[in-house]
Each structure stands twice: as structure tokens, then as C-alpha cells.
Amino acid sequence: METAAIILAAGAGTRMKSKKPKVVHEVLGRPLVRWVVEAAKGAGADRVVTVVGHQRDQVIPLVEEDTTVVVQQAQRGTADAVLAAKEALADFEGAVMVLSGDSPLIRPETIAEMAALREEHNAAVIVLTMELENPFGYGRIVRDGAGEVARIVEQKDATPEEAAITECNSGFYCFDARDLFSALEQVDSNNAQGEFYLTDVLAIARAAGRPVLAYKTSESAQCLGVNSRGQLAEATAVMQKRINDAHMAAGVTMWSPETTFIGPEVTIAQDVELLPSVILMGSTSIGEDSVIGPNTRLTDTVVGCGCTVDETVAVEAQIDDGATCGPRAYLRPAAHLCEGAKAGTHVEIKKSTVGKGSKVPHLSYIGDTTIGEGVNIGAGSITCNYDGVNKHATVIEDGAFVGSDTMMVAPVTIGAGALVGAGSTITKDVAPGALALARAKQQQMEGWVAAHPIQKKK
Ligand code: UD1
Ligand code: CA
């Protein structure tokens with residue numbers, strides 16, 4: 001049977017106290033709504049429709065590429081939100097999952113299980129439920145004398161007896177498309193919030209004599225809805241543990257999983273060691289036997305095998321096999337350390353290649369530069385790549401030796417095997433094999449100190 005998924009992401013999320021819409025807030029670098037889109041796709045949904053509304057200009061760019069976007073003009077409740085997707089699914093027959101865009105922890109397997117159960121029982125709807133010690137805020141599952149699901153009552157509409165129920169609505173459902181859209185026509189807004197509740201569809205379907213089921217998960221954490229910053233932190237902690245456990249199971253060592261934060265798309269090879277306080281985000285990948293951290297943040301960065309990356313921040317950088325980095329290095333976009341190269345302490349590198357085995361060990365800025373193989377850059381050397389208007393390139397050829405505290409004013413080339421004296425300001429190309437010195441001559445006056453006794457204050 002074909003399955004469609006409708007993701008509800010039109011609400012404001014006032015409890016977040018934010019200028020951003022709720023579903024744009026991120027868990028481990030991925031927006032809440034994207035987690036749900038990925039879960040729907042992972043569960044095998046053939047079509048995904050995202051309902052947007054409040055501040056939709058910020059939500060649409062996140063979902064327009066791989067889902068059908070529909071607009072709910074006014075946020076009049078979850079039933080009204082689902083109705084906004086009706087037209088987009090006009091030609092659709094089959095199962096419709098409705099997923100809360102603010103619940104990032106849902107597992108694709110769970111969605112798939114719900115879909116299979118609904119089909120097996122030909123039910124109008126199956127709702128995912130969970131038992132919570134503190135159910136406050138969630139809709140409660142009201143069962144009849146026979147234990148069948150009768151209806152769902154929202155927190156604000158619940159009598160004290162209903163509020164004492166601990167089985168809660170997760171906000172995830174699988175419907176038969178026909179039952180869903182016909183029941184939605186009958187939902188009204190006679191309730192404490194004056195909203196059209198999707199949850200009312202259960203009682204309506206039951207009254208029509210159609211089977212209504214609940215599927216209770218034993219892992220209530222996957223149903224956590226993010227309504228506040230506290231719940232955002234809770235969701236982050238759960239996802240962090242889930243991801244870290246998977247990497248450890250696959251052969252990654254973590255000194256302190258609690259201080260290790262890894263995004264969902266990061267790949268890490270076997271026998272990598274992560275020291276405390278490491279953040280790996282985006283499309284970052286780490287090759288075998290590399291040691292990362294402590295205090296390191298890598299975003300969209302490719303690290304090869306056997307690298308040491310210590311107290312480093314890197315964004316869109318590439319660190320090849322056996323290269324070393326830090327402590328306290330900053331690799332900016334298009335920084336590339338080739339095999340066995342080194343970017344040492346307090347070194348910043350941007351849009352530059354450091355060739356095989358070349359070293360920039362201390363206190364340097366290298367920008368818009370191509371460094372060949374076997375080059376040594378002395379402490380405190382800087383490429384002066386920016387004249388205030390344009391950026392210019394520096395080339396340092398194989399085997400060159402640049403003395404400490406050298407300023408290389410770009411555009412400039414230092415030839416293969418050349419030697420630049422410490423403290424030089426290089427403004428002209430240096431020929432291969434040449435010695436270049438560009439510094440003021442030292443003056444020396446013999447006996448000057450004795451002839452000029454310093455007057456000490458009394
Ligand atoms: C909802 C359920 C509740 C359940 C809980 C689980 C209803 C009436 N209540 O409550 O039973 O326990 O989720 O997390 O459905 N949205 C829209 N348009 C709207 C209103 C909401 O798109 O007009 C979206 C929101 O962006 C959000 C989702 O629907 O992603 C749920 O809305 P929210 O206001 O968070 O519902 P809850 O009060 O949490
Ligand atoms: Ca919610």
C-alpha cells in the first residue's frame with residue numbers, strides 16, 4: 001500500500017520564547033522538522049507533505065527540496081493543519097501518517113511498525129502512545145470499559161480524573177486516507193483552546209464504527225515533543241546518547257560521551273579516539289586511528305587516517321593522513337593539510353594548501369597560499385594577503401625555508417629551496433635557491449652604555 005506522510009510544522013511555538021519558528025531550532029545541528037522528514041523517508045513514505053504557516057519563510061527553505069510544501073494560513077489547530085494538506089493528496093489512496101514537526105526523536109522503524117499494524121487491522125487510525133510519569137501537557141488516551149481507545153482529551157480540557165491518566169498521545173498517527181479526510185470535516189473547535197484538534201478524529205472514526213487502535217511504545221523518549229528550551233535540551237541529550245552509543249558500538253573510543261556532540265551525518269572510522277569536549281558537525285568524517293580533541297569543533301571537515309587534531313576549530317577543511325593540527329589551530333574554509341603536514345599552535349589557515357610534510361608550527365596566518373612539499377614556515381610568519389580591497393596569492397615552493405617573523409606581502413612567490421632570513425618583509429619574488437634578507441641593518445656603538453650612565457631616580 002502507498003503511504004504518504006504529513007508533517008505538521010505551522011505552529012508558532014510560543015513556549016520557545018524565540019524570534020525563530022519552533023521547528024527551525026536544531027538538535028545536533030539538524031532542524032527539528034528535518035529530523036521528522038528524515039524519519040518519514042526512513043520509514044518508506046512515498047510522498048511527504050509539510051504543512052507550514054507561522055514564519056514560513058524560515059521553514060520552507062528547509063523542506064522544499066524533498067517534500068511538497070502546503071500553507072496553513074491561520075494556525076487554528078492540528079486538524080486544520082492536516083486539512084491544509086488535503087488538496088496536495090487529492091489523488092492519493094492509502095495510508096497517511098501524520099507526524100509532529102516538533103518531535104525529532106521518532107524512529108523510522110516505529111513509524112513503519114505503525115503503518116504495518118494499521119494495514120493488518122484495516123483500522124481507521126492507529127495512534128502511537130506512551131506511558132509518562134509526568135504526563136502534563138500531553139493529550140491523554142481515554143479507553144472504554146473494554147480497554148479500547150475511545151478518544152483523546154487534551155490537557156486543557158481534561159477533568160481531574162482524565163488528567164490522572166498516564167497513557168499519552170505522542171502526536172504520531174497512521175490513518176486510512178479516506179477515514180481521515182471524511183472525519184476531519186466533522187471536527188469542531190468547541191474546546192478550551194478554541195482550536196480544531198486532530199485528536200478528535202479518533203472519537204469520530206469510532207462513532208462511525210471504524211476500528212481505532214493505539215500502539216504503545218516502551219521507549220517514551222522517542223515521542224518527546226519540543227515545546228520549550230528545556231525540552232530542546234532534553235531532546236539533544238537523548239539524540240546525543242543515541243548517536244554516541246552507535247559510534248561506540250562501531251569501534252570508536254570516547255573518553256567522555258557526555259561532552260561529545262556528533263551530528264547525524266558525521267562518519268567516524270574504527271579505532272578513532274575522541275577526547276573530551278569534541279563537537280563534530282555537518283558532513284565531517286574521521287579516518288581510522290585519528291585522535292581528536294580535547295576541545296575541538298570540526299564542521300564539514302574531512303580528516304584522514306592517523307591524524308592528531310588537538311584543540312582545533314576547523315570549518316570546511318581537509319586534513320590528510322598523518323597530518324597534525326593544534327593545539328589551538330584554526331582551519332577555515334578550503335584549508336588543506338596534505339599528508340604528514342602540520343598546523344601547530346595558534347596557527348590560522350584559510351583557503352591554502354600546506355604540501356606533504358610541510359610545517360607551519362607556531363603563531364602564523366596563512367591565507368590564499370599554496371605551500372609545496374617539505375617547506376618550513378618559521379614562528380610568527382604571516383602572509384599579507386589583503387590590501388584592503390583585494391585578496392592576493394602567495395606561493396611557497398618545495399623545500400623553501402621561511403625564517404621566523406617573515407611578512408610575505410602578496411602577490412609573491414618564494415622559489416623552491418630558497419631561504420628567507422628571519423624578520424624579513426618580502427615584497428618581491430624570491431628566486432629558487434636564493435637567500436633573501438629584507439630587514440633593517442643592525443647598528444652597534446661600542447662602549448655606548450658605559451658612556452651614558454642611566455640616572456637612577458632617588
Ligand atoms: C499535540 C496533541 C497532543 C499530543 C502532543 C504530542 C493536538 C490537539 N494535541 O499537542 O494530544 O500529546 O501534540 O506532542 O493535536 N501545528 C500546526 N498548525 C496548527 C497547530 C499546530 O501546524 O494550527 C503543528 C505545530 O507546529 C507542531 C504540531 O502541530 O509541530 C503539534 O502542535 P502543538 O501546538 O505543539 O501541540 P501540542 O499542544 O504539543
Ligand atoms: Ca507539541
Side-chain angles (χ1 to χ4, degrees), residues 5-16 18 20-25 31-37 39-40 49-56 58-60 62-63 69-85 98-106 125 127-132 134-142 149 151-158 162-163 165-173 175 180 184 187-203 214 216-217 220-228 230-232 234-235:
I6 300 174
I7 298 175
L8 305 186
T14 47
R15 289 165 278 180
M16 291 297 280
S18 174
K20 291 192 291 188
K22 175 165 72 177
V23 297
V24 163
H25 285 265
L32 295 179
V33 66
R34 278 307 316 171
W35 280 105
V36 183
V37 171
V49 180
T50 311
V51 183
V52 300
H54 184 79
Q55 290 180 304
R56 55 183 174 273
Q58 292 181 55
V59 183
I60 291 171
L62 302 177
V63 295
V69 178
V70 300
V71 175
Q72 181 195 20
Q73 289 300 346
Q75 282 63 68
R76 301 191 299 161
T78 44
D80 182 64
V82 173
L83 265 181
V98 174
L99 314 173
S100 248
D102 66 354
S103 304
L105 301 174
I106 189 68
V125 50
V127 56
L128 184 68
T129 71
M130 69 282 193
E131 289 287 345
L132 290 182
N134 175 16
F136 187 85
Y138 287 94
R140 308 298 207 288
I141 306 296
V142 181
V149 178
R151 59 196 171 86
I152 298 177
V153 61
E154 289 304 296
Q155 175 74 47
K156 287 183 178 152
D157 300 289
E162 289 167 341
I165 297 172
T166 50
E167 187 183 4
C168 297
N169 171 20
S170 67
F172 293 100
Y173 320 79
F175 295 93
L180 172 64
L184 279 176
V187 173
D188 62 36
S189 59
N190 298 328
N191 53 56
Q193 302 186 79
E195 283 187 6
F196 293 88
Y197 293 163
L198 178 62
T199 45
D200 286 353
V201 165
L202 278 77
K216 198 190 281 184
T217 171
S220 59
Q222 66 175 319
C223 304
L224 178 75
V226 173
N227 299 311
S228 64
Q231 287 171 324
L232 185 66
E234 256 179 78

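This is a predicted model, so every value here is computed, not measured. In this chain, residues are counted from 1 in sequence order. We count ligands from 1, going down the list as the structure has it; atoms in each ligand are counted the same way.
- Contact annotation: for D80 versus ligand 1, there are no heavy atoms closer than 4.0 Å.
- Electrostatic pairing of R151 and E162 counts as a salt bridge here, judged by a charged N lying under 4.0 Å from a carboxylate O.
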key: Trace of the side-chain hydrogen bond (donor to acceptor under 3.5 Å, both in side chains) decision for E167 with T129   = CA-CA 6 Å; E167 187 183 4; T129 71; 2.7 Å; yes
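- A donor-acceptor pair shorter than 3.5 Å can be found between the side chains of Q222 and T217.
- Near R76, the atoms of ligand 1 lying under 4.0 angstrom from a non-hydrogen atom of the residue are 23 (O).
- Counting all heavy atoms, side chain and backbone alike, I165 lies closest to R140 at O-NE, 2.9 Å.
- The backbone N or O of V187 lies less than 3.5 Å from no partner atom in the side chain of D200, so there is not a single donor-acceptor pair.
- Under the 3.5 Å distance criterion, the side-chain polar atoms of S100 are left unmatched by any main-chain donor or acceptor of S103.
- Below 3.5 Å of separation, one finds an N or O of T78 facing an N or O of ligand 1.
- Heavy atoms of A10 found under 4.0 angstrom from ligand 1 belong to the backbone as well as the side chain.
- When non-hydrogen atoms are compared, ligand 1 lies under 4.0 Å from the side chain of E154 (C-beta onward) but not from its backbone.
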request  = Take F175 and V201, measure what side chain to side chain contact (heavy atoms under 4.5 Å, CB included) needs, and give me the verdict at the end.
outcome  = CA-CA 10 Å; F175 295 93; V201 165; 3.6 Å; yes
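- For the atom pair CG of L32 and NE2 of H25, the computed distance is 8.0 Å after rounding to the nearest 0.5 Å.
- In this structure, Q155 falls outside the shell of residues with a heavy atom less than 4.0 angstrom from ligand 1.
- Atoms of ligand 1 found under 4.0 Å from any heavy atom of G11, numbered from 1 in the order shown, are 16 (N), 17 (C), 22 (O), 25 (C), 26 (O).
- The distance from ligand 1 to the heavy atoms of K22 drops below 4.0 Å at these ligand atoms: 35 (O).
- No part of C168 comes within 4.0 Å of ligand 1, judged by heavy-atom distances.
- The N/O atoms of G139, backbone and side chain alike, include one that comes under 3.5 Å of an N/O atom in ligand 1.
- Of the heavy atoms in Q72, only side-chain atoms (C-beta onward) come closer than 4.0 Å to ligand 1.
- The atoms of ligand 1 that sit less than 4.0 Å from any heavy atom of Y197 are 8 (C).
- Side chain of R15 to main chain of N227: no donor-acceptor pair is present (N/O by atom type, distance under 3.5 Å, no hydrogens or angles).
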request  = Would you sort out whether E154 and T199 count as a side chain to side chain contact (heavy atoms under 4.5 Å, CB included), showing the intermediate values?
outcome  = CA-CA 8 Å; E154 289 304 296; T199 45; 3.5 Å; yes
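- Contact between V51 and ligand 1 is absent, with no heavy atom of the residue lying under 4.0 Å from the ligand.
- Although no hydrogens or angles enter the test, the distance criterion places a donor-acceptor pair under 3.5 Å between the side chain of R34 and the main chain of L62.
- Atom NZ of K216 sits in a crowded spot, with more than 12 heavy atoms from other residues, nucleotides or ligands closer than 6.0 Å.
- Atoms of ligand 1 found under 4.0 Å from any heavy atom of Q75, numbered from 1 in the order shown, are 23 (O).
- Atom 23 (O) of ligand 1 has G77 N, 2.8 Å as its closest protein atom, hydrogens excluded (heavy atom only).
- Only the side chain of R15 comes within contact range of ligand 1, with a heavy atom under 4.0 Å; no backbone atom does.
- Atom 14 (O) of ligand 1 is flagged as protein-proximal [any protein heavy atom, distance under 4.0 Å].
- Within the 3.0 Å limit, N227 places at least one N, O or S atom next to the Ca ion (ligand 2).
- Closest N/O/S atom of D102 to the Ca ion (ligand 2): OD2.
- Counting protein heavy atoms under 4.0 angstrom from atom 1 (C) of ligand 1 gives zero.
- The option with the heavy atom closest to atom 28 (C) of ligand 1, from among G137, A12, S100, G171, is S100.
- The minimum heavy-atom distance between Q155 and P135, with the atom names listed, is OE1-O, 4.1 Å.
- Considering backbone and side-chain atoms alike, L8 places an N or O below 3.5 Å from some N or O of ligand 1.
- A heavy-atom distance below 4.5 Å is not found between the side chains of Y197 and L202.
- Among protein heavy atoms, the minimum distance from atom 12 (O) of ligand 1 is reached at N169 O, 2.6 Å.
- Looking at ligand 1, you won't find any N or O of A81 less than 3.5 Å from one of its N or O atoms.
- Of the possible donor and acceptor atoms, one in the side chain of K22 sits under 3.5 Å from a partner among the backbone N and O of V226.
- Proximity of S170 to ligand 1, defined as any heavy-atom pair under 4.0 Å, is confined to the backbone N, CA, C and O atoms.
- Ligand 1 places these atoms under 4.0 Å from at least one heavy atom of Y138: 6 (C), 12 (O), 14 (O).
- Close N/O approach between Y173 and ligand 1 is not found [any backbone or side-chain N/O within under 3.5 Å].
- For atom 35 (O) of ligand 1, the nearest protein heavy atom (residue, atom name, distance) is D102 OD2, 3.2 Å.
- A donor-acceptor pair is defined here as one N or O able to donate and one able to accept, closer than 3.5 Å; such a pair exists between the side chain of S170 and the backbone of L128.
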